[in-house]
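Sequence positions, counted from 1, serve as the residue numbers for this chain. Both counts, for ligands and for their atoms, begin at 1 and track the order of listing.
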Amino acid sequence: MSNQKRDSFSGKFGVIVAAVGSAVGLGNIWRFPYIAGENGGGAFLLIYIFFVIIIGIPVMMSEFVIGRRSGSNAMGSFRKLAPKTSWWLVGLMGIIAAFVILAFYSTVSGWTLEYIFQAFKNSFSGKTHGQLSNDFNNFTASSFHPILWQIVVMAITAFIVFRGVSKGIEKASKILMPLLLVLIIAVCVRSLTLPGASKGLEFLFKPDFSKITFKVVLMALGQAAFSLSIGMGALITYGSYIRKDTPLLGTSFQVAAADTIIAILSGVMVFPALFALGGESTGGPGLVFITLPGIFQSMPGGYVFGILFFVLIFLAALTSTISVLEVVVAYFKEDFKISRLKATLIATISISILGIFCTLSFGPLKNVKLFDKTIFGLADYVSANILLTFGALLIVIFTGWYLGKSKFIDEVKLSCKVNPIVLNSIVFIIKWVAPIAIGAVAIGAFFIKDLM
Ligand code: TRP
């Protein structure tokens, strides 16, 4: 299909906003604190930041280059840039990753909707950490409501994706992201001023190097990929909507910086309060949902704050779910030559079915386990630590070795003048440093038992 017919972002600001909207979501606010909490806090954070810089930004740039150069979806772009090869399998893996991610991501997004209502009904008021934890467990085990909310999430996501890129995705992100940041900072302030908060800060910022294991390294890499939305072709798809005059280098840096700041702030929001209120850092997927209501209770205006905050988490999740669904829809639409409506419906319904199993794995399917993980746990683990990590590896290998230095540089230079030293260093990282680093983690992970 021709490039003219494709939707595109309205310019530099539009892309940054949409890419930040994709990157910032439950990965930062919900997943980062829970994974960091289970994997050693400060030591985890340090490795995480290291991976964002040496792997996150190069992969992000590669994805933008692949997408913009081909003007095609996650799978189509490999077919276009590498015809008669098997590189399209990377795209296929991305589509599979999108299915798995959206299946469990919509479960958690659904929880945020329930928490909006609970905040509205003032039902956190006067409850201890233990009681809030019971409430969370009872709700997630209850099946009917979590599934209902999950379907609502999928329906709203489908509606926005159906309306198209610039009208839906861009408009929504532009308003929501800055507002979210303001609220997060306010909650951080309250969390930090609770008595006993310093222990939480220490946990997050004082690395205990004895806690670094291979598992911690793998989890940090998986979290970095998940949080930046890389390794799956989401940014290839968005890259295909980027105009030629948009600078790819600056955009990648800004997106990665914004995403990392929000993740760290989410940690600052959660851990001081968690330690002050007497919770455990290894609280798992419920961590944020149990800790935040505890903070709101001790905030002036906490009632209104609680409602507003869950609304914003939900909206941040939504700007991410649309970017995941868009990957699948763009592929269905362009490869099977069906309408956007049909593509959206097929993708939404099939992902929702998989998603219901993830939701049920907190209740009736709690005891269905594979590698000692529930269906939800497995989807969460496999997507970030296997599919995205492997996807990121293949994407940098593709860019560095197949597409090659000159085409990469051509594409980057279209939009901005970059110092040749900077450009050569980035190419070097894409070609050597990132693949070796990801490869080393992957090989290590393969040989180490008890990783799951
Ligand atoms: N990055 C998002 C978050 O942190 C989740 C997400 C959206 C994503 N699109 C993605 C993850 C594509 C991997 C790939 O919440």
Closest protein heavy atom (residue, atom, distance) for [atom]:
{"atom": "atom 6 (C) of ligand 1", "value": "S229 OG, 3.5 Å"}
{"atom": "atom 15 (O) of ligand 1", "value": "Y105 OH, 2.4 Å"}
{"atom": "atom 3 (C) of ligand 1", "value": "A23 O, 3.2 Å"}
{"atom": "atom 2 (C) of ligand 1", "value": "S22 O, 3.1 Å"}

Answer yes if the side chains of [X] and [Y] hold a donor-acceptor pair under 3.5 Å, and no otherwise.
{"X": "S266", "Y": "N28", "result": "no"}
{"X": "T107", "Y": "Q150", "result": "yes"}
{"X": "Y48", "Y": "N39", "result": "no"}

Which atoms of ligand 1 are found less than 4.0 Å from any heavy atom of [X]?
{"X": "V324", "result": "7 (C), 9 (N), 10 (C)"}
{"X": "L388", "result": "13 (C)"}
{"X": "I101", "result": "13 (C)"}
{"X": "S323", "result": "7 (C), 9 (N)"}
{"X": "G27", "result": "3 (C), 4 (O), 15 (O)"}
{"X": "M232", "result": "12 (C), 14 (C)"}
{"X": "N28", "result": "4 (O)"}
{"X": "F226", "result": "1 (N), 2 (C), 4 (O), 5 (C), 8 (C), 11 (C), 13 (C)"}

State the CD1-CD distance between I160 and E326, to the nearest 0.5 angstrom.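 I160 atom CD1 to E326 atom CD measures 11.5 Å (nearest 0.5 Å).
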For the atom pair CZ (F104) and CG (L354), what is the distance rounded to the nearest 0.5 Å?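 Reported value, rounded in 0.5 Å steps: 11.0 Å.
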Can you confirm, on distance only, whether ligand 1 has an N/O atom lying under 3.5 Å from any N/O atom belonging to L26?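 The answer is yes, given that L26 and ligand 1 share an N or O pair closer than 3.5 Å.
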Evaluate the ring planes of F336 and Y331, with Trp represented by its six-membered ring, and classify them as parallel (under 30°), tilted (30 to 60°) or perpendicular (over 60°).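 Plane angle over 60°, so perpendicular.
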Between W111 and F376, how do the two ring planes meet: parallel, tilted or perpendicular, split at 30° and 60°?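 Aromatic pair W111/F376 classed parallel.
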Determine the sole option in F314, F117, Y115, F139 for which the ring-ring contact (aromatic ring centres under 6.0 Å, His included) test with W149 is passed.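 For W149, the ring-ring contact (aromatic ring centres under 6.0 Å, His included) check succeeds only for F117.
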Check D380 with K373, please: is the shortest side-chain N to carboxylate O separation under 4.0 Å?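 Between D380 and K373 there is no salt bridge, as every charged N stays at least 4.0 Å from the carboxylate O atoms.
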